[in-house]
Amino acid sequence: YLSPSANLKFSDVPTGVDGIRAIPTAGLLQILFFFALVELAWMPASQYDGDYGVGWFGDNIEDPEEKARKLNAEMNNGRAAMMGIMGNM
């Protein structure tokens, strides 16, 4: 069930953009509040280079050259993913 109180099953939700309209308002608000919590409190975008100070898979990278190389690779992978999504559109 997507929403037991509304008796809404996943199979009842249409595909595409119409699926968003089928989700109850309270469910959409929960999703938006969670995104806001992550963006504003947990990982604030005060630095736009991707370095949030939480380390890399639990390891803190001390060497500045290695850290810069890995952050650059991460940004390039993100750009490649965006181009792939745009190509599918």
Side-chain angles (χ1 to χ4, degrees):
Y1 280 98
L2 180 64
S3 176
S5 62
N7 198 22
L8 182 63
K9 297 179 183 177
F10 282 100
S11 58
D12 297 336
V13 177
T15 58
V17 178
D18 292 332
I20 295 174
R21 295 184 192 110
I23 299 174
T25 306
L28 285 176
L29 286 175
Q30 286 177 351
I31 293 169
L32 292 175
F33 283 137
F34 176 73
F35 287 161
L37 174 71
V38 169
E39 288 290 328
L40 298 175
W42 187 18
M43 290 186 149
S46 59
Q47 294 182 345
Y48 294 104
D49 59 0
D51 183 13
Y52 294 107
V54 293
W56 188 74
F57 289 117
D59 295 332
N60 195 9
I61 303 169
E62 299 295 333
D63 183 23
E65 290 181 14
E66 181 184 5
K67 189 174 192 176
R69 185 181 60 80
K70 288 186 177 182
L71 288 173
N72 192 26
E74 183 178 351
M75 288 176 56
N76 286 335
N77 287 338
R79 290 178 183 132
M82 287 188 279
M83 293 301 290
I85 293 295
M86 288 176 57
N88 286 330
M89 293 164 51

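Along the sequence shown, residues are numbered consecutively beginning with 1. The structure presented is a predicted model; accordingly, all values stated were derived computationally and were not measured.
- Salt bridge D12/K9: absent, no basic N to carboxylate O contact under 4.0 Å.
- For N76, the side chain to side chain donor-acceptor pair (under 3.5 Å) test picks out R79, with sequence neighbours left out.
- Cluster membership check: F10 shares its hydrophobic cluster with V13, using side-chain heavy-atom separations under 4.5 Å among Ile, Leu, Val, Met, Phe, Trp and Tyr.
- For the atom pair CG of L37 and CG of L32, the computed distance is 12.5 Å after rounding to the nearest 0.5 Å.
- Interatomic distance, R69 CZ to D63 CG, rounded to the nearest 0.5 Å: 9.5 Å.
- The shortest non-hydrogen separation linking A22 to L8 is O-CD2, 3.3 Å.
- In this structure E66 satisfies the side chain to side chain donor-acceptor pair (under 3.5 Å) test together with K70, sequence neighbours excluded.
- Nearest heavy atom pair, residue L28 against residue I20, reads CD1-O, 3.9 Å.
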